2 protein chains.
Amino acid sequence: MAANTRQKLLDAAESLFSQQGITTTPLRQITELAGANLAAVNYHFGSKLGLAREVLRRRLDELNSERLKRLDQLEAQDDKPATLDQLLEALIEPALIMSRDDALGGMRFVRLLARAYAENDRELHRFLREHYSHVMRRFARAMSQALPEMDAANLRWHLDFVIGALTYAMADFTGHFSHMNQIHIDAKTIAQHLVRFAAAGLSAADAAAAPSTPTGTARTLLGG
Amino acid sequence: MAANTRQKLLDAAESLFSQQGITTTPLRQITELAGANLAAVNYHFGSKLGLAREVLRRRLDELNSERLKRLDQLEAQDDKPATLDQLLEALIEPALIMSRDDALGGMRFVRLLARAYAENDRELHRFLREHYSHVMRRFARAMSQALPEMDAANLRWHLDFVIGALTYAMADFTGHFSHMNQIHIDAKTIAQHLVRFAAAGLSAADAAAAPSTPTGTARTLLGG
DNA sequence: GTATGATTCAAACACTTGTTTGAAATGTGC
DNA sequence: GCACATTTCAAACAAGTGTTTGAATCATAC
């Protein structure tokens, strides 16, 4: 059954890639776990890279379409623009829910994503950027309205702070400090905390970027 | 000359590991860059893992001792406890300065650190935890005084948000969104922004953890 | 049934990996 | 000079890598 082994290969590869990394995982281990023959990978996906691309594309499309759906809903209510908290929720919640929901592949996908970035494969990077950057650009544009004082460049790398925090929260692949996956707090709770954390950080940056700082006292009250 | 090739191997390995990852970099490439013989690695470091450990230890000790030195200074002024901003500076600035200073190996080390975490080598993880976690514990203890409302667990994974943002800021190894290393903003500036970002986020979390929320209005004022 | 295409399979291919070996070279102390 | 340990080197080793091959199996249509 053709589609069956294709699917089993994808599942096995996702699981093993996320645990061991892409370049580190041998094809033979994947095919063994999938109960398929070694040559099946090259038959169905052309090459190992082709398999990796397909594994990533499956989940990435799912995640990004969910994010954009939420963003569309927020922008549809066009009488009042979306708040920063709402935008951050639309960006963060789908990722965390997906990373914690075993039915969707659990946190495997996110670990895999982090690993894929860490690997230096240029083709893989280009592939990921093509499937990712347009979403981030749309969110950046939407957020710039909620953060009027920050210019584009400033907002972009503050958003990188957020993405960095999100990635760590999802993957927790360091294990050097906390151990979220042991505690297993539900995704919504962590998302709430991360949204508040990011909103406060971005707002503080926005306030600091203002030429006159009317909220300066409030920041001192909070951050001092 | 013994110490010479040892040093050249370490330098070459650090450079290549940070660009390509540890498991992905062949020993032959390292020895070629170092102008040494292939067998030199096993002679001087016992194995490839031994070389990787030594590469990491060099920089990690340097970074952590700088962090702890600053923390000691803050705790020495024992009449007034350190502020959150000061503690975050002590944690963040050494890492960012090191990551940007070419004389210290540039951002190579940080990329390497991120890669080392991404790789699934259990021995390497254990090694990193042993050389890292005690520093984070000391900072967590110091910060809990500046954030009286948060309990230990809460603080710990909010600190993971900070470390995640810091790692991304240092490594910028995603390249999927912003490109800090193209802009080359100086480390102190980025550190300032990240400290403010993290301080605001942590303070907001602390305020939200308080049973009665007197600063709740201030947060609304900031976080929209 | 047979013919045709899609899929599976065991085997081999060419290549790279980290490590080991044992002899040469170099340095060091006397 | 000699003796001795340290360091370098070319070569080979065993194991693992992704990919290819060509025959065998299966499904489907006629």
Side-chain angles (χ1 to χ4, degrees), chain A residues 1-57 112 115-116 118-127, chain B residues 1-57 112 115-116 118-127:
Chain A
M1 201 160 282
N4 211 335
T5 69
R6 221 188 101 97
Q7 208 65 22
K8 281 195 280 189
L9 283 174
L10 284 172
D11 291 340
E14 182 180 72
S15 172
L16 292 173
F17 282 165
S18 67
Q19 290 173 44
Q20 308 173 347
I22 296 174
T23 58
T24 324
T25 302
L27 282 183
R28 284 163 176 81
Q29 199 179 352
I30 298 173
T31 55
E32 189 187 8
L33 179 61
N37 184 272
L38 171 62
V41 169
N42 288 280
Y43 176 74
H44 284 286
F45 302 98
S47 69
K48 188 186 181 182
L49 182 68
L51 171 62
R53 264 205 286 257
E54 193 58 24
V55 166
L56 286 170
R57 204 184 54 71
L112 170 57
R115 279 187 199 294
E119 316 221 359
N120 212 7
D121 193 305
R122 294 194 175 277
E123 280 203 63
L124 211 57
H125 276 189
R126 201 166 50 79
F127 174 80
Chain B
M1 201 161 284
N4 210 336
T5 70
R6 223 188 100 95
Q7 208 65 22
K8 281 195 279 188
L9 283 174
L10 284 171
D11 292 340
E14 181 179 74
S15 171
L16 292 173
F17 282 166
S18 65
Q19 290 172 44
Q20 307 171 348
I22 295 175
T23 58
T24 324
T25 301
L27 281 183
R28 284 164 177 81
Q29 199 179 352
I30 298 172
T31 54
E32 188 187 8
L33 180 61
N37 186 272
L38 171 62
V41 168
N42 287 280
Y43 176 76
H44 285 285
F45 302 98
S47 68
K48 187 186 181 182
L49 181 68
L51 171 61
R53 263 205 287 256
E54 193 58 24
V55 167
L56 285 171
R57 203 186 53 73
L112 171 56
R115 280 187 199 293
E119 315 221 0
N120 212 7
D121 194 305
R122 293 192 176 279
E123 281 203 63
L124 211 56
H125 276 188
R126 202 168 48 80
F127 174 80

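As a basis for the values below, the full set of heavy atoms in this structure was taken, side chains included, without hydrogen atoms, waters or symmetry mates. Throughout, a chain's letter reflects where its sequence line sits, starting with A, and its residues are numbered from 1. Quick caveat: nothing in here was measured; it's all calculated off a predicted structure.
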## Note on the structure
Overall bend of the helix from C:dG1-D:dC30 to C:dC30-D:dG1 (five pairs an end, 10° steps) is 10°

From [atom1] of [X] over to [atom2] of [N], roughly how many Å is that when rounded to an integer?
X       : N      : atom1 : atom2 : value
A:Ile22 : D:dT17 : CD1   : P     : 16 Å
B:Phe45 : C:dG18 : CZ    : C1'   : 16 Å
B:Glu32 : D:dA10 : CD    : C1'   : 16 Å
B:Tyr43 : C:dG22 : OH    : P     : 17 Å
B:Leu16 : C:dT17 : CG    : P     : 12 Å
A:Gln29 : D:dG18 : CD    : C1'   : 15 Å
A:Gln7  : C:dT7  : CD    : P     : 14 Å

### Query
Looking only at side-chain N and O atoms, does B:Thr5 come under 4.0 Å of OP1 or OP2 in D:dT8?
yes

### Query
Quick one: is C:dA6 close enough that its OP1 or OP2 comes under 4.0 Å of any side-chain N or O from A:His44?
no

#### Entry: Atom pair CZ (B:Phe45) and CG (B:Leu27), whose distance is rounded to the nearest 0.5 Å
11.0 Å

### Atom pair CG (A:Asn42) and CG (A:Asn37), whose distance is rounded to the nearest 0.5 Å
10.5 Å

Any side-chain to backbone donor/acceptor pair from [X] onto [Y]? Under 3.5 Å, distance only.
X       : Y       : value
A:Ser18 : A:Glu14 : yes
B:Lys48 : B:Ile22 : yes
B:Thr31 : B:Arg28 : yes

Can you list the residues that meet the side chain to side chain contact (heavy atoms under 4.5 Å, CB included) rule with [X], with sequence neighbours excluded?
X       : value
A:Gln29 : A:Leu16, A:Gln20, A:Thr25, A:Pro26
A:Ala40 : A:Leu9, A:Ala36, A:His44
A:Ala13 : A:Phe17, A:Ile30, A:Leu51, A:Val55

### Query
At under 4.0 Å between heavy atoms, what does A:Thr25 touch on the DNA or RNA strands: base, sugar-phosphate, or nothing?
sugar-phosphate

Sort me out a list of protein N/O and nucleotides 19-23 of chain D N/O pairs below 3.5 Å, or just none if empty.
unit_1 : atom_1 : unit_2  : atom_2 : d
D:dT19 : OP2    : A:Asn42 : OD1    : 3.3
D:dT19 : OP2    : A:Lys48 : N      : 3.0

### Message
Test of understanding: with salt bridge (charged side-chain N to carboxylate O under 4.0 Å, His left out), list the residues that count as partners of A:Arg57, not counting sequence neighbours.
### Response
A:Glu54, A:Asp61

